[in-house]
Amino acid sequence: RLVISLPKDKFDGWTAELNKIVKARRTTFGDLETTVGRLNHVVYLIPLARNFLNWLRAKIRIPRHKHQSIRLATEEVQDLILWTRFLTEAHKGISLNRITIRQPSQLTISDACPFGVGGYSLRGPAWRFAIPKSSPLYGDSRFNNLWEFLGMVVGIWLEIKAANDRSECILALGDNTSAIGWLFRSGRVDQSSLSYAAIQQVARHLATLI
């Protein structure tokens with residue numbers, strides 16, 4: 001298995017710089033510009049991490065003096081903390097199979113309606129989760145986006161559970177653009193939130209059915 005990784009000297013230096021900025025919750029325009037440039041290199045190893053550079057890029061969009069002090073918002077500091085984890089993963093090494101365009105090795109399809117959500121895999125297994133009639137969400141179309149999102153998450157979860165190799169390329173198909181957008185932003189979901197709890201509850205329920 002071919003692996004590409006961030007060299008140790010860059011990992012140590014960049015991580016130390018991020019920790020310094022996180023601790024101070026402020027930096028200079030020049031240092032932030034340099035940091036964003038460095039992290040942009042890591043994006044080549046972890047493409048989906050690009051989403052967590054948006055707020056930091058916005059901070060340097062308007063040119064300023066390189067020594068001007070910049071205070072970071074809580075969300076921006078949290079992004080930098082997350083980036084220390086990305087750097088760790090990049091240093092450990094990323095399989096080339098995960099960063100190149102290739103044919104999916106696993107395919108899952110899901111769909112939802114106001115009364116439930118279900119899906120199937122080309123491996124053969126199919127699943128369904130019916131919304132209880134006693135639930136206040138039963139038959140309410142306003143929650144369709146939520147069910148579509150949960151359907152895609154559960155489909156991916158089942159494929160990961162069945163995969164024998166971490167380098168599997170999983171393609172999840174759905175017909176809801178909002179759910180797809182949520183899927184890309186799901187790394188921001190707080191584990192204490194209701195959204196995270198709902199995903200866990202559905203996954204646990206399915207585990208008893210499949």
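- Closest approach of I94 to A90, counting heavy atoms only: CG1-CA, 4.3 Å.
- Rounded to the nearest 0.5 Å, atoms CZ (R38) and CG (L18) are 9.0 Å apart.
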| How far apart are the C-alpha atoms of Y44 and I4, what are their side-chain angles, what is the distance that settles it, and do they pass the side chain to side chain contact (heavy atoms under 4.5 Å, CB included) test? | CA-CA 10 Å; Y44 289 100; I4 185 172; over 6 Å; no
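- T108 and I156 get closest at one heavy-atom pair: CG2-N, 4.2 Å.
- Checking D31 against T28 by side-chain atom types alone, a donor-acceptor pair falls below 3.5 Å.
- Remark: S5 OG to K92 NZ distance equals 12.5 Å, nearest 0.5 Å.
- Counting only heavy atoms from C-beta outward, the side chains of R50 and R57 approach each other to under 4.5 Å.
- Here the straight-line distance linking atom CD1 of I70 with atom CD of E76 works out to 9.0 Å at 0.5 Å rounding.
- A distance-only check finds a donor-acceptor pair linking the side chain of N54 to the backbone of N51 [under 3.5 Å].
- Atom CH2 of W83 is separated from atom OG1 of T88 by 12.0 Å, given to the nearest 0.5 angstrom.
- Residues T84 and L80 form no side-chain contact, since every pair of their non-hydrogen atoms from C-beta on lies 4.5 Å or further apart.
- The two atoms that bring L87 and F11 nearest to each other are O-CD1, 3.5 Å, heavy atoms only.
- For the pair A172 and M152, the tightest heavy-atom approach, listed with the atom from each and the gap, is O-CE, 3.8 Å.
- Using a distance-only test at 3.5 Å, with no hydrogens or angles considered, a donor-acceptor pair links the side chain of K59 to the main chain of R71.
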| request: Under the side chain to side chain contact (heavy atoms under 4.5 Å, CB included) rule, what do E148 and D111 come out as? Steps first, then yes or no, please. | output: CA-CA 6 Å; E148 294 275 5; D111 203 357; 3.1 Å; yes
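- Looking only at side-chain heavy atoms (C-beta outward), T15 and H91 stay at 4.5 Å or farther from each other.
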| task | List the steps and the verdict of side chain to side chain contact (heavy atoms under 4.5 Å, CB included) for Y120 and L107. | result | CA-CA 9 Å; Y120 66 93; L107 177 64; over 6 Å; no
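- S110 approaches G151 most closely through the heavy-atom pair OG-C, 3.4 Å.
- V117 places a side-chain heavy atom less than 4.5 Å from the side chain of W127.
- In this structure the side chain of K23 never reaches within 4.5 angstrom of the side chain of N19, judged on heavy atoms.
- Contact of the W14 side chain with the V42 side chain is registered, since non-hydrogen atoms from C-beta on lie closer than 4.5 Å.
- Using cut-offs of 30° and 60° for the angle between ring planes, the Y138 and F115 rings count as perpendicular.
- The CG atom of L122 lies 9.0 Å from the CD atom of Q106; values are rounded to the nearest 0.5 Å.
- Using cut-offs of 30° and 60° for the angle between ring planes, the H67 and H65 rings count as tilted.
- Between E159 and R123 there is a side-chain heavy-atom pair separated by less than 4.5 Å.
- Checking side-chain atoms of N40 against main-chain N and O of V36 turns up no donor-acceptor pair under 3.5 Å.
- For the pair F129 and V154, the minimum side-chain heavy-atom distance is 4.5 Å or more.
- In this structure, a donor-acceptor pair under 3.5 Å is absent between the side chains of T35 and E17.
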